[in-house]
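Every chain is numbered from 1 and lettered A, B, ... according to where its sequence line falls, protein lines coming before strand lines. Remember, it's a predicted structure, so these values are computed and weren't measured experimentally.
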There are 2 protein chains.
Amino acid sequence: MSEIQRPGALYQQVAAAIREAILSGEFEPDSLLPSEAQLMARYGVSRPTVRNAIAALRAEGLIDVRHGKGSYVRTSGRPALTLERRITRTADGTFVMPSGDVWDEAEKPSTYRTRTTKDTGRLLQLGTEEALFGCDRLLIDPSSGTRAMHRTLIPFTTAEGIAVLAEEPSTRPAAIYGVLTQYGHKLTWSETVRARMPLPDERATLRLPDATPVLHLARVTHGTDGRPLILEELRTGADRAELAYRITADKQPTRRTRA
Amino acid sequence: MSEIQRPGALYQQVAAAIREAILSGEFEPDSLLPSEAQLMARYGVSRPTVRNAIAALRAEGLIDVRHGKGSYVRTSGRPALTLERRITRTADGTFVMPSGDVWDEAEKPSTYRTRTTKDTGRLLQLGTEEALFGCDRLLIDPSSGTRAMHRTLIPFTTAEGIAVLAEEPSTRPAAIYGVLTQYGHKLTWSETVRARMPLPDERATLRLPDATPVLHLARVTHGTDGRPLILEELRTGADRAELAYRITADKQPTRRTRA
DNA sequence: AGACGTCACTTGTCCTTACGAGTGATGACT
DNA sequence: AGTCATCACTCGTAAGGACAAGTGACGTCT
């Protein structure tokens, strides 16, 4: 029927035609696309070609395919969950990272001992193979159902002399901040944000659809002297969550950074 | 040969075997994987099955395939570029967002007029179909070659009475901040971070490899009364860039947000 | 009426065959 | 020596066929 010509491969032409129909609104969000057989007839191509085109659109995150049903136009609404990265001061004078309290724990936290890798060692300003307490959590946002994987890493050097950290590595981060404050630390935080495709186990744990990146946050808590005390990592699906940072000018001396 | 059995589909078993070999280090980063023909022989499967397995690994971002050469294990180093999101105060008392100055412009900025969409309208606290000046830039980080797409949106209501904004919508953001400050605004910023898979034109413009998400930043500049003045959007490949936020406690009243 | 089996439709998997196209080395020709 | 054609290897594209598996509706049997 509607023979197409322009770009390169046949399946790309088919993909482009469908993509255009989606983006132009001809195929509405949540609606069912024509079946593979219909697309074969419509464009006069074979099934592998149609499936190849559909695979391309899946990889772009434009459609979801359900076995036995068909292909649905994905609704690209904005994420259901916004993680506010602003620090607020509570009535008793301690600081709280708001996002630390939003989640429910889906499972019992699992604690273990491990050592720094190249990545975690750099963030904690330690070498590699330094001893750490670790604690992994599976978190769920009760209102949206969004899942997240959380990890707390506490260097032995930080836990030294703070009994609760060594004895209860599963203490929640918010409580840890409280303890550190009681021990005289004035805390600041720095966060690094990255995005990448999930590994299969992350895809399964976080229940991610096709072509959904994970947001990977690494938060370092610094003590009074600016030395890193603990490291937290949060991984969650980028389709369900976004980050919001409130930036206010401070009075630090000029420092042009560019790592 | 090494017949595999466990999970579901054949191609998934093949993919799992290769994935394991990569993650365990048997296939080193940057090294060449066996060719499709060799994998067919190795696992005793047909070419489509091998290609299906390879497609899965590409979608995970584990390998890169080059036409005529073969499949290479991707090196998953940390991004070459860190965007520092800390505000510094310069000697003359104005504020600068450091990342605004790091980039080179790869092309002449293109300016246009447009209207708010649902998304941009929400961020600017305007309705839809409100008039805007727009300016698109293609940016390049000279040291790493990382590319980024930048967009500035200035509502007519903001440009009113500030001649340079209406006459020169291609003014660089840093300069715009300066102008707004001269007009008496004490600026603050808020940023929203999202990640998603790129559209084909973004893939091409940003020169992204397979299975590479884009980081999508939306930065709103607020005036003295907190009202949004301008909106900037920055899109760049998540393989080349990461974001770093420095968070310092402020003295705002407690406000538990959760959108 | 209710439970359940069947059937038509969907996508998922797997195979075979064929040719097009990019890459690099080899070797012949100038 | 240098240039260029050829070739073998790689992945990319396209078609065909066949059967498995998930889904929902329809109709029959109890």
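The side chain of B:Y11 lies closest to C:dC14, out of D:dA14, C:dC14, D:dG12. Taking the side chain of B:S35 as heavy atoms from C-beta on, and the options D:dT13, D:dC11, C:dT13, the nearest nucleotide is D:dC11. Side chain of B:A9, nearest nucleotide from C:dC14, D:dT13, D:dA15: C:dC14.
OP1 and OP2 of D:dG16 both lie 4.0 Å or more from every side-chain N or O belonging to A:S46. Within the 4.0 Å cut-off from OP1 or OP2 of D:dG24, at least one side-chain nitrogen or oxygen of A:K69 is found. Listed pair B:R66 / D:dC9 fails the phosphate criterion, with no side-chain N or O lying under 4.0 Å from OP1 or OP2.
Salt bridge A:R137/A:D104: absent, no basic N to carboxylate O contact under 4.0 Å.
Side-chain atoms of B:R147 come within 3.5 Å of backbone atoms of B:T205 as a donor-acceptor pair (strictly under, hydrogens ignored). Looking only at distances, a side-chain donor or acceptor of A:S24 sits under 3.5 Å from a matching main-chain atom of A:E20.
The residue from A:R172, A:E232, A:R235 that alone fulfils the side-chain hydrogen bond (donor to acceptor under 3.5 Å, both in side chains) condition with A:H150 is A:E232.
At a threshold of 4.0 angstrom between heavy atoms, the contacts of A:R51 include nucleobase atoms, whether or not backbone atoms are also involved. Among the atoms of the strands shown, base atoms are found under 4.0 Å from some heavy atom of A:R47.
In this entry the distance linking CD of A:Q13 with C1' of D:dG12 reads 15 Å, nearest Å. Atom CG of A:N52 and atom C1' of C:dC14 are 16 Å apart (whole Å). Rounded to whole angstrom, the span from the CE atom of B:M40 across to the P atom of D:dC9 amounts to 15 Å. Atoms CG (B:L10) and P (D:dC19) sit 18 Å apart, rounded to a whole Å. Whole-Å rounding puts the B:D64 CG to C:dG22 C1' distance at 17 Å. Protein atom NE2 of B:H67 is 5 Å distant from nucleotide atom C1' of D:dC11, rounded to whole Å.
Position along DNA chain D of the nearest nucleotide to A:T49 versus B:G68 favours B:G68 as the more 5'-ward residue. Each of B:P48 and B:P34 has a nearest nucleotide on DNA chain D; the 5'-most of these lies closest to B:P34.
Residue-environment remark: CZ (B:R207) stays at or below the threshold of 12 foreign heavy atoms within 6.0 Å.
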